Amino acid sequence: MAQDLTHNYYKQLIDLQDVEGLEAQIRSLLDFPIESVSDLERWLKDEKDLMIKIKEAMTGHQVDFYRNTEDAEIKSTYLHDQQVVQPLLMKYEAKLDEKCCESPYLNQLDEKRYGLMRRVRESKVKLFREENIQLMVKEQALCTKYSEIMGGLTVDWDGEEKPFPFIQSQLDNLDRTVREKAYHAMMSAHRQIKPDMDAIMDELVQLRHQIALNAGFENYRDYMFVAKNREYSVQDCYDFHENVEKHIIPAWNRLADVFKSKLGVDTYRPWDNTAKLMKNPPYSEVSTLMDGVSEMLGKTDPYFADRFDYMREHGLLDLGDRKGKSPGGFCTSLPVSGDTFVFANFSPSFFSLIALIHEMGHAVNGYLELSEHGPIEDYQHRMEVAELYSHGMELLLLDKLDRFYPGEEDFKSAQREELRRAFTMLYGPLSGDLFQHWMYTNPKHTAKERDEKFFEISKRYGLNPVDTSGLEDEIGMSWAGTLHYFQVPFYNIEYSISMLGALQLLENYGKNPEQAVESFKKGASADYNQSIAAIYEETGVSFDFSEPAVKRMGEFLEKVIQDIH
């Protein structure tokens with residue numbers, strides 16, 4: 001299906017090419033006299049009104065680029081934002097933060113409404129260093145280079161040039177020879193770009209280490225914990241890594257045994273760990289996928305389907321696959337338009353179905369939040385919260401997978417696949433978090449050491465039940481296919497934390513579906529100024545990844561495995 005790539009899904013209410021005009025608007029905020037609490041509140045509103053216009057334009061340009069990395073004009077606009085507008089914003093945002101934090105009226109603002117904003121701005125003032133601006137511009141340029149390389153990646157398949165997502169979809173195939181062929185084709189493609197990936201990552205690690213040193217930190221890991229305003233400690237993360245290894249991996253090994261038995265294979269190889277035990281994918285067109293997802297959402301809650309159908313009608317979904325389109329998937333908010341945009345790469349696969357449902361969890365969260373509280377500020381957008389609703393949406397739709405997989409055995413197989421994904425989203429990002437802890441606390445590591453460490457951590461977690469003999473190098477280099485390590489460092493453990501919450505939501509859904517859906521909607525529309533724990537509580541779950549909590553979820557997963565065996 002042809003994709004409409006017109007630029008009508010976002011509003012451009014500010015001309016980012018007019019740098020002087022942009023600077024003048026920001027300077028007027030700096031010059032605004034704040035002589036009372038009401039002046040400060042008015043100033044914060046004016047600042048927000050300007051920043052959301054800038055954010056929407058920049059978000060639109062970024063999405064345009066991800067949709068078509070090969071268009072010279074689109075790329076030029078995007079690079080202007082990254083190389084000219086972003087440094088200007090960094091410079092002035094630091095001055096605006098300073099103006100706010102130095103105001104004698106800041107501590108007189110309502111704590112419930114402004115407390116999170118104050119804490120975030122105070123930490124930004126603490127972290128800001130003028131000399132880091134150019135380092136961050138270089139960092140963004142390297143991330144753009146990564147997107148271009150991955151967006152242009154194609155694989156030869158039976159003499160035909162195929163986009164990377166198509167090859168990934170072949171890992172689902174019930175024919176073992178097809179899966180193995182696809183696996184080696186992907187590894188071959190990764191090997192070709194590996195020198196570029198190593199060069200980019202080597203430079204990113206050094207840049208990020210220098211950013212941390214400039215800000216007075218020993219390493220980038222410690223810097224990022226402050227930058228992200230995390231409501232938990234480094235030690236909490238290490239404890240979580242251990243708790244999952246102890247209580248979740250044994251349950252994962254048992255599910256892997258089920259897959260191995262169903263496949264009837266003697267050894268469980270990496271390409272067996274991807275096989276889907278259902279019939280061939282039930283759709284080959286994006287439109288068929290969208291029709292079914294709309295129906296599944298509607299059976300869960302009419303509001304969910306209403307938002308999906310609205311987005312489909314208004315060009316807010318780009319799900320097709322094509323050369324030049326950046327890999328991955330995401331949902332992003334358009335604060336001026338009051339909309340959300342979902343980006344994904346279609347393949348005729350179970351993954352495409354689940355990826356779309358996942359992003360719709362984000363979208364529903366975005367619409368509910370906008371309708372209750374207006375556009376949310378960047379500082380309010382904590383991924384431990386956002387990912388709760390994307391994972392939660394997947395699990396709320398677990399009992400409706402028969403829309404695409406009718407027949408008892410196919411339906412159970414599809415549910416097992418979603419359960420496998422729940423495990424994957426528990427141990428995968430968590431092992432990725434551990435990998436990044438190691439990378440950034442050992443910034444002088446070599447590319448070879450990095451590959452070896454990635455393999456070692458993979459074997460402790462997701463590949464624990466898999467026979468990896470002879471594939472150590474291939475697995476070791478596969479970190480290069482994860483865009484998070486390049487573009488959003490340390491955005492990993494949030495997936496694992498939120499999956500624990502989503503599993504609690506599934507447990508609640510099993511007891512009372514209507515109440516669980518209402519709790520989902522209540523939490524998704526909650527005031528983001530609250531603590532993460534308070535928002536989780538509104539969703540009917542606990543923000544808890546202590547050993548007892550992880551052990552309890554391990555036991556729940558064991559029960560679910562038995563139920564759909």
Side-chain angles (χ1 to χ4, degrees), residues 225 228-255 358 361 365 382-396 398 418-434 436-437 457 460-462 464 490-513 515-517 519-520 522-524 526 530-564:
F225 264 71
K228 284 177 164 283
N229 290 281
R230 285 199 160 153
E231 296 176 30
Y232 45 92
S233 69
V234 168
Q235 189 57 50
D236 288 335
C237 293
Y238 281 125
D239 291 345
F240 189 25
H241 301 152
E242 286 185 19
N243 295 335
V244 166
E245 189 174 9
K246 187 174 174 183
H247 298 292
I248 300 295
I249 295 304
W252 162 235
N253 288 342
R254 271 182 277 286
L255 182 61
H358 178 95
N365 180 199
R382 286 157 293 171
M383 302 318 296
E384 297 87 348
V385 173
E387 296 299 342
L388 173 63
Y389 302 108
S390 54
H391 293 324
M393 186 67 83
E394 290 181 44
L395 294 177
L396 290 178
L398 183 67
E418 177 55 23
L419 189 58
R420 186 207 312 252
R421 178 170 158 80
F423 274 108
T424 303
M425 296 312 292
L426 258 178
Y427 65 65
L430 183 137
S431 62
D433 181 65
L434 182 56
Q436 290 181 94
H437 278 258
I457 292 172
R460 280 175 58 189
Y461 291 93
N464 192 283
F490 284 99
Y491 172 22
N492 262 102
I493 201 166
E494 294 92 337
Y495 286 114
S496 302
I497 291 170
S498 56
M499 180 51 84
L500 273 186
L503 286 166
Q504 293 175 60
L505 196 62
L506 175 63
E507 191 176 30
N508 296 343
Y509 184 80
K511 296 170 186 170
N512 188 329
Q515 189 177 323
V517 171
S519 295
F520 176 100
K522 184 183 178 195
Q530 300 178 90
S531 68
I532 296 172
I535 297 170
Y536 270 52
E537 193 177 333
E538 289 206 41
T539 316
V541 302
S542 299
F543 180 61
D544 182 3
F545 44 100
S546 63
E547 184 169 4
V550 174
K551 184 172 185 282
R552 192 173 78 80
M553 280 300 105
E555 290 165 354
F556 171 66
L557 282 165
E558 293 267 18
K559 181 179 178 297
V560 179
I561 292 168
Q562 288 300 319
D563 289 347
I564 60 171

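Everything quoted here is computed from the prediction, not taken from an experiment.
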Practice item. In sequence, state the C-alpha distance, the side-chain angles, and the governing distance for Q504 and F556, and then conclude on side-chain contact (heavy atoms from CB on, under 4.5 Å). Key: CA-CA 9 Å; Q504 293 175 60; F556 171 66; over 6 Å; no
Practice item. Before giving the answer on side-chain contact (heavy atoms from CB on, under 4.5 Å), spell out for S496 and D433 the whole-Å C-alpha distance, their side-chain angles and the decisive distance to 0.1 Å. Key: CA-CA 10 Å; S496 302; D433 181 65; over 6 Å; no
Review point. Would Y536 and D544 count as a side-chain contact (heavy atoms from CB on, under 4.5 Å) if you check the C-alpha gap in whole Å, the side-chain angles of each, and the deciding distance to 0.1 Å?
Key: CA-CA 10 Å; Y536 270 52; D544 182 3; over 6 Å; no
Check your understanding: Yes or no on side-chain contact (heavy atoms from CB on, under 4.5 Å) for L395 and M499, after CA distance, side-chain angles and deciding distance?
Key -> CA-CA 10 Å; L395 294 177; M499 180 51 84; 4.2 Å; yes
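Of all the heavy atoms in F225 and C237, the pair that sits closest is CZ-SG, 3.6 Å. Closest of all the heavy-atom pairs between E387 and S498 is CB-OG, 3.0 Å. The nearest pair of heavy atoms linking V541 to L505 is CG1-N, 3.7 Å. When all heavy atoms of G462 and Y427 are compared, the pair lying nearest together is CA-CE1, 3.1 Å. Residues G523 and T539 approach most closely at CA-OG1, 3.3 Å, considering heavy atoms.
Between the CG atom in N464 and the CH2 atom in W252 there is a gap of 10.0 Å [rounded to 0.5 Å]. Summarising the geometry, atom CG belonging to L506 is positioned 8.5 Å from atom CG belonging to L557; distances are rounded to the nearest 0.5 Å. Interatomic distance, L419 CG to L255 CG, rounded to the nearest 0.5 Å: 5.5 Å. Note: L398 CG to Y509 OH = 9.0 Å, rounded to the nearest 0.5 Å. Atoms CG and CZ, on L388 and F543 in that order, are 10.5 Å from each other to the nearest 0.5 Å. Of the inter-residue distances, the one linking N492 atom CG with Q436 atom CD reads 5.0 Å to the nearest 0.5 angstrom.
The aromatic rings of Y238 and H241 sit perpendicular, their planes meeting at an angle over 60°, well past the 30° parallel limit. Note on ring orientation: taking the six-membered ring where Trp is involved, the planes of Y232 and F545 are perpendicular (angle over 60°, cut-offs 30° and 60°). Relative ring orientation between F490 and H437 is described as perpendicular, the plane-to-plane angle rising above 60° on a 0-90° scale split at 30° and 60°.
For Q530 and E538, the side-chain atoms include at least one donor-acceptor pair closer than 3.5 Å. A donor and an acceptor atom, one from each side chain of D239 and Q235, are located under 3.5 Å apart.
A donor-acceptor pair under 3.5 Å is formed between the side chain of N508 and the backbone N or O of G540. Between the side chain of Y495 and the main chain of G428, no donor-acceptor pair closer than 3.5 Å is present. The backbone N or O of I532 lies less than 3.5 Å from no partner atom in the side chain of E384, so there is not a single donor-acceptor pair.
Listed by chain and residue number, R460 satisfy the salt bridge (charged side-chain N to carboxylate O under 4.0 Å, His left out) test with E245 (two or more places apart in sequence, or in another chain). The side chain to side chain donor-acceptor pair (under 3.5 Å) check on R552 picks up E507, with sequence neighbours excluded.
Around the CD atom of Q515, the shell of radius 6.0 Å holds no more than 12 heavy atoms that belong to other residues, nucleotides or ligands.
Within the 4.5 Å cutoff, the side chain of I535 has heavy atoms near those of the R382 side chain.
Only one option out of N253, L430, L426 pairs with I248 in a side chain to side chain contact (heavy atoms under 4.5 Å, CB included); it is L426.
Between K551 and E555, at least one side-chain nitrogen of the basic residue sits less than 4.0 Å from a carboxylate oxygen of the acidic one, meeting the salt-bridge criterion.
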